[in-house]
Amino acid sequence: MNYTDFDNTVAWKKLKALSGEAGQKHTHFDFAAKLTAERIKNCTIPMAGDLYYNWAARPVDEPILEALQSLADEQEVIVKYQALAEGEIMNTGEKRRVLHHLLRGQLGKPVIHEGKDLGEFYRNELKRFSGFAEAVRSGAICGASGKTFRNAVQIGIGGSDLGPRAMCLALDNWAVKKGKKKLDAFFISNVDPDDASAVISSVDLSQTIFVLVSKSGTTQETLANELFVKDKLAKAGLDSGKHMVAVTSETSPLARNPAYLDSFYIDDFIGGRYSSTSAAGGVILSLAFGPEVFAEFLAGARDADRGTLEKDIQKNAALLDALIGVWERNFLGYPGTAVLPYSQALSRFPAHLQQLDMESNGKRVNRFGVELKYATGPVVFGEPGTNGQHSFYQMLHQGTDIVPLQFVGFQNSQCGDDVEVDGSISQTKLKANLAAQIVAFAKGKNDGDKNKLFPGGRPSSLIHGKELNPAALGSLLAHFENKVMFQGFVWNLNSFDQEGVQLGKILTRKVLAGNSEDSALDAYSALLGI
């Protein structure tokens, strides 16, 4: 495989020429003329989970698409994806394989590591925690007082919190409607004691099981919160060993530890932000909604992964999304991306994608440690519609920066509980707002009063389907994971480590040890009463 910096490719030169002569940016795509019903119909790619990706309101035409196809071919992104799935060491910083795809299904030859079939290992862990969840849900496993569990609280931070929390929230209403929900899911992540205190005060500890997630078994914030919870359990007269399970690696101090009901395993090949389909997400989802729901979620992700092996970019939603994002970032100069789900169930999905994208591709050196001369990952943010419309859409519509938008919407609500007001139900109002925003951003509005003028030319994509269910959620998650992966391949990055989070941890340990040897650090610590 060939690993080349983006600006050394033939495709870079083609795209640079298309973006405008003499460095002038091709920033205006005439949406008013080009965003027609025919274009909207034709610019659609089927996805797994009965979803569809529509890119009609993105600023690309046939010459640009041809150049993007050449880029994908030249950078061998599908070849690299297949190699990643089959166990090639893609995390060059930590010299590790990258195997989150294997959690949901094998995409090629078996992955063998030190004589161990890792696909079989992941399947066995899935079977183990699925059986455990069934036993908890049925009442076969109870708490120290003999009461059945009614709450599950995950203790973790970063990828051990953001993804699993987003997935649990996404399926909560659906599970209630389908009669699948047995346990309420809660999350403790921040080392701020107010976070743990608020959760603990809202549950009956005698009916609560805690899921401690730390791959290393040494994560400072997570272990602090574990001790906070154990202290509360002890004060309530409850044996914490009968109220807590661990999700960790087989080499961590949490593994096979009698202080827990059980331990379920992931390994170093599953990055935290890519771990929602591992035990890190699977235990809490299976406890709350049942193993069969988690299996449907995995199936949606697996089907999406398989479809993403398609080489034709106009048949591969994740790849096309990634490549258009590269066009917008590197040649149109757009600094960010807003993720805007018109579904309250996806309220924390943008926060998960923020970590997924910015921790993966927020890099300034290539996979070999050489400094790059072009922009890489964008700033990612978002909120559910219509809330965001009353918050930051002002800047998106009339601000000085153009921010590409990624909308997500569904025909039906999850709960089906609705009311008609002014001639339409709330779900119809939600969908009408979504359709209106896409067109308003793209086409804008002329007005003699400049304060009321909307310049338009704000690009967007739309992922849509009938309902947000487990399979659709799995497909949606895999779409963005694979989009980020492809962009990393194009930019020649290592998208699978996160050295950028380490320096702060080192300095924190110095502060706590009282030997910072840095007067500025000491001064700020003093301001905070340390």
Side-chain angles (χ1 to χ4, degrees), residues 3 80 84 88-101 103 154-167 187 189-191 213-224 247-249 251-252 266-281 322 325 329 336-337 339 348-372 375-381 477-478 480-510:
Y3 290 98
K80 290 170 184 174
L84 179 149
E88 185 90 10
I89 293 178
M90 290 293 188
N91 181 346
T92 50
E94 297 168 308
K95 296 179 174 58
R96 292 174 179 170
R97 307 171 195 265
V98 177
L99 297 178
H100 54 278
H101 296 91
L103 294 165
Q154 181 133 315
I155 306 171
I157 197 166
S160 300
D161 168 72
L162 289 165
R165 187 194 295 251
M167 303 308 129
F187 292 82
S189 59
N190 201 331
V191 75
V213 184
S214 173
K215 186 165 56 179
S216 66
T218 61
T219 310
Q220 182 189 77
E221 298 93 336
T222 300
L223 296 184
V247 176
T248 191
S249 67
T251 57
S252 96
I266 53 178
D267 56 32
D268 286 338
F269 307 135
I270 307 300
R273 58 192 176 275
Y274 296 99
S275 67
S276 292
T277 49
S278 75
R329 182 78 174 110
T337 297
V339 180
R348 291 297 290 169
F349 196 68
H352 168 59
L353 296 188
Q354 190 172 60
Q355 184 202 15
L356 173 67
D357 202 315
M358 295 173 71
E359 198 168 76
S360 295
N361 290 340
K363 310 286 176 66
R364 60 189 294 274
V365 299
N366 70 13
R367 60 190 284 110
F368 306 112
V370 178
E371 189 169 344
L372 297 168
T376 58
V379 174
V380 178
F381 66 97
L477 174 69
F480 285 101
E481 288 180 346
N482 292 327
K483 172 194 171 184
V484 167
M485 172 189 69
F486 284 136
Q487 289 184 331
F489 289 156
V490 168
W491 288 321
N492 200 27
L493 303 177
N494 174 12
S495 300
F496 308 107
D497 68 1
Q498 55 282 331
E499 290 298 327
V501 307
Q502 299 305 321
L503 178 58
K505 292 182 179 181
I506 293 169
L507 295 181
T508 297
R509 286 195 291 270
K510 287 185 176 183

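Bear in mind the structure is a predicted one, so any value in this text is a computation, not a measurement.
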Does a donor on one side chain sit under 3.5 Å from an acceptor on the other, for Arg329 and Gln487? no
| Ser495 side chain to Asn361 side chain, donor-acceptor N/O pair below 3.5 angstrom | yes
Side-chain heavy-atom pair Asn190, Ile157 within 4.5 angstrom cut-off
no
Looking only at heavy atoms, the pair that brings Thr222 and Val213 closest together is CG2-O, 3.7 Å
Met358 and Pro378 have their tightest heavy-atom pair at CG-O, 3.7 Å
### Message
Could you check whether any side-chain heavy atom of Phe496 comes within less than 4.5 Å of a side-chain heavy atom of Glu94, counting everything from C-beta outward?
### Response
no
Val365 and Leu493 have their tightest heavy-atom pair at O-CD2, 3.5 Å
For Val501 and Lys505, the nearest pair of non-hydrogen atoms, with its separation, is O-CG, 3.5 Å
Practice prompt. Evaluate the ring planes of His352 and Phe349, with Trp represented by its six-membered ring, and classify them as parallel (under 30°), tilted (30 to 60°) or perpendicular (over 60°).
Written response: tilted
Hey, does the side chain of Gln154 reach the backbone of Ser160 with a donor-acceptor pair shorter than 3.5 angstrom?
yes
Check: Arg367 main-chain N/O paired with Thr92 side-chain donor or acceptor under 3.5 Å:
yes
Asp497 vs Lys363, test: salt bridge (charged side-chain N to carboxylate O under 4.0 Å, His left out). Steps then yes/no.
CA-CA 10 Å; Asp497 68 1; Lys363 310 286 176 66; 2.9 Å; yes
Check: Is the CZ atom of Arg97 crowded by more than 12 outside heavy atoms at less than 6.0 Å?
Finding: yes
task: Please assess His101 against Glu481 for the test side-chain contact (heavy atoms from CB on, under 4.5 Å), listing each intermediate value before the final yes or no.
output: CA-CA 10 Å; His101 296 91; Glu481 288 180 346; 5.6 Å; no
Residues at least two apart in sequence or cross-chain that pass ring pair (Phe, Tyr, Trp, His ring centres under 6.0 Å) with His100, listed by chain then number, are Tyr274
Arg364 meets the side chain to side chain donor-acceptor pair (under 3.5 Å) criterion, sequence neighbours left out, with Glu371
